[in-house]
Amino acid sequence: MAPVLELKGVEAAYGKAKALHGIDLRVEPGEVVALLGANGAGKTTTFRVISGLMRPSAGEVRFDGASIAGCSADAVLRAGLAHCPEERHVWPEMTVEENLRLGAYLVSQRIEIERRMERIYLRFPRLKERRRQSAGTLSGGEQQMLAIGRALMSAPRLLLLDEPSLGLSPRMAKEVLAVIRELQGQGITVLLVEQNVHNALSVASRAYVFETGRVVAENTSQALLDSPDLLKAYLGG
Ligand code: ATP
């Protein structure tokens with residue numbers, strides 16, 4: 001089967017500082033794949049390149065076989081790839097519902113927007129209860145659900161989730177993991193960055209380990225869980 005996402009030799013830099021030194025990775029349809037690695041290893045930069053927020057200086061990014069390297073973030077979103085960044089960026093003064101609508105800004109038919117919103121509310125009943133409340137009054141976990149819900153309003157086939165459980169209580173982090181499993185059950189492919197290795201490997205089938213802008217290991221989650229020494233060597237425990 002053709003991969004949903006494929007990166008070949010991707011390089012990227014902030015000014016003169018090179019952040020990615022030739023990233024190769026692929027994600028098959030329906031997979032949940034995790035990117036692991038210490039702070040500054042290049043995971044977020046990889047997400048920025050994939051979602052069109054940053055132009056790679058070299059290499060190839062393919063989504064469903066078509067090159068998207070250097071495409072605008074809008075074009076990438078329209079193609080079916082949504083990015084839920086680490087900084088949740090919900091609009092605190094706007095209501096939950098207004099935030100969700102923003103996720104569907106590329107959709108013009110109102111009926112389709114309502115349909116998608118109902119689906120999000122089914123998945124996140126707490127958002128429905130709070131739909132007229134300003135987003136800034138939600139708890140951290142609820143804001144994360146809102147950020148994921150907003151990304152889902154674009155009906156993506158591939159969802160990039162950057163540190164979805166960052167700063168959440170263990171209970172809320174578990175809820176986020178449950179949501180990821182549910183998304184997979186609905187055929188949405190997920191690429192995940194997660195500091196909590198155990199959480200990441202509990203939901204992903206495979207993982208790539210990043211170190212200073214390079215992929216230094218790639219394996220199934222089971223193999224990584226079975227070799228704690230390897231994980232420790234790459235991730236420091
Ligand atoms: P983290 O978990 O801390 O976000 P990461 O693995 O996502 O880590 P990146 O954020 O991609 O790593 O960082 C890769 C490299 O790029 C680091 O050396 C970092 O200092 C640098 N970098 C990241 N963002 C910027 C930026 N906006 N301007 C300049 N350098 C940056």
Practice task
May I ask you to decide whether Arg126 forms a salt bridge with Glu175, counting only side-chain N to carboxylate O separations under 4.0 Å?
Solution key: yes
Problem - CD-CG distance between Glu194 and Asn199, expressed to the nearest 0.5 angstrom - result: 5.5 Å
Exercise for the section: State plainly whether one hydrophobic cluster holds both Val27 and Leu77, where clusters connect Ile, Leu, Val, Met, Phe, Trp and Tyr through side-chain heavy atoms under 4.5 angstrom apart. Expected result: no
Exercise for the section: Assess the side chains of Ser67 and Glu60: does a donor N or O sit below 3.5 Å from an acceptor N or O? Expected result: yes
Completion exercise
CG of Leu192 to CD of Glu31, rounded to nearest 0.5 Å, is 12.5 Å
Practice task
Inspect the surroundings of CZ in Arg181 and state if more than 12 heavy atoms from other residues, nucleotides or ligands are less than 6.0 Å away.
Solution key: yes
Handout entry: Inter-residue atom distance Gln184.CD - Ser205.OG, 0.5 Å rounding
Key = 6.5 Å
Practice task
Please check if Phe47 and Leu166 belong to a single hydrophobic cluster, counting links between Ile, Leu, Val, Met, Phe, Trp and Tyr side chain heavy atoms closer than 4.5 Å.
Solution key: no
Problem - Glu98 and Arg101: CA distance, side-chain angles, deciding distance, salt bridge (charged side-chain N to carboxylate O under 4.0 Å, His left out) verdict - result: CA-CA 5 Å; Glu98 286 163 344; Arg101 281 182 197 285; over 6 Å; no
Handout entry: ILVMFWY network linking Ile188 to Leu158, side-chain heavy atoms under 4.5 angstrom
Key = no
Practice task
Kindly determine whether Thr189 and Leu159 satisfy side chain to side chain contact (heavy atoms under 4.5 Å, CB included), including the steps that lead there.
Solution key: CA-CA 6 Å; Thr189 307; Leu159 179 63; over 6 Å; no
Problem - Donor + acceptor pair across side chains of Tyr208, Asp24 (<3.5 Å) - result: no
Problem - Verdict with supporting geometry, Leu35 and Leu191, side chain to side chain contact (heavy atoms under 4.5 Å, CB included) - result: CA-CA 8 Å; Leu35 306 186; Leu191 189 58; 4.0 Å; yes
Practice task
Would you mind reporting whether Arg130 and Glu142 have side-chain heavy atoms less than 4.5 Å apart?
Solution key: yes
Handout entry: Glu97 and Tyr121 side chains, donor-acceptor separation under 3.5 Å
Key = yes
Handout entry: Donor-acceptor pair between Tyr14 and Thr45 side chains, under 3.5 angstrom
Key = yes
Problem - Student check: side-chain heavy atoms of Leu102 and Leu100 closer than 4.5 Å - result: no
Handout entry: Chi angles and distances behind the side chain to side chain contact (heavy atoms under 4.5 Å, CB included) call for Phe210, Val193
Key = CA-CA 11 Å; Phe210 278 58; Val193 166; over 6 Å; no
Practice task
Group every Ile, Leu, Val, Met, Phe, Trp and Tyr by side-chain heavy-atom contacts under 4.5 Å, then state whether Leu25 and Val32 land in the same group.
Solution key: no
Practice task
Taking all non-hydrogen atoms of both residues into account, name the closest pair between Leu201 and Ala207 and its distance.
Solution key: CD2-CB, 3.9 Å
Handout entry: Heavy-atom side-chain contact between Trp91 and Arg150 under 4.5 Å
Key = yes
Handout entry: Lys/Arg-Asp/Glu bridge criterion (N-O < 4.0 Å) met for Glu28, Arg26
Key = yes
Problem - Contact check, side chains of Met153 and Ile120, non-hydrogen atoms, under 4.5 Å - result: yes
Handout entry: Residues Arg110 and Glu114 bridged, charged N to O under 4.0 Å
Key = no
Exercise for the section: To the nearest 0.5 Å, tell me how far Leu160 CG sits from Ser51 OG. Expected result: 6.0 Å
Handout entry: Heavy-atom side-chain proximity of Arg132 to Val96 below 4.5 angstrom
Key = no
Practice task
Report the distance from atom CG of Leu225 to atom NE2 of His198, rounding to the nearest 0.5 Å.
Solution key: 7.5 Å
Problem - Shortest non-hydrogen separation from Ser227 to Ala223 and the atoms involved - result: OG-O, 2.8 Å
Problem - Linked, directly or transitively: Leu127 and Met94 (ILVMFWY side chains, under 4.5 Å) - result: no
Practice task
Under the side chain to side chain donor-acceptor pair (under 3.5 Å) rule, what do Thr95 and Gln133 come out as? Steps first, then yes or no, please.
Solution key: CA-CA 5 Å; Thr95 66; Gln133 209 168 303; over 6 Å; no
Handout entry: Residue pair Tyr105 / Asp74, side-chain heavy-atom distance below 4.5 Å
Key = yes
Handout entry: Flag side-chain contact, heavy atom, 4.5 Å: Leu177 against Ser165
Key = no
Practice task
Taking the side chain as every heavy atom from C-beta outward, state whether Leu81 and Ile50 have any atom pair closer than 4.5 Å.
Solution key: yes
Problem - Salt-bridge present (Arg214, Glu211; N to O < 4.0 Å) - result: no
Handout entry: Inter-residue atom distance Lys174.NZ - Ser169.OG, 0.5 Å rounding
Key = 9.5 Å
Practice task
Take Val190 and Val33 through the test side chain to side chain contact (heavy atoms under 4.5 Å, CB included) and record every step on the way to the result.
Solution key: CA-CA 6 Å; Val190 177; Val33 174; over 6 Å; no
Practice task
Decide if atom CG of Leu122 counts as having more than 12 heavy atoms of other residues, nucleotides or ligands within a radius under 6.0 Å.
Solution key: yes
Exercise for the section: Indicate yes or no: does Glu163 engage Lys43 in a salt bridge with an N to O separation below 4.0 Å. Expected result: no
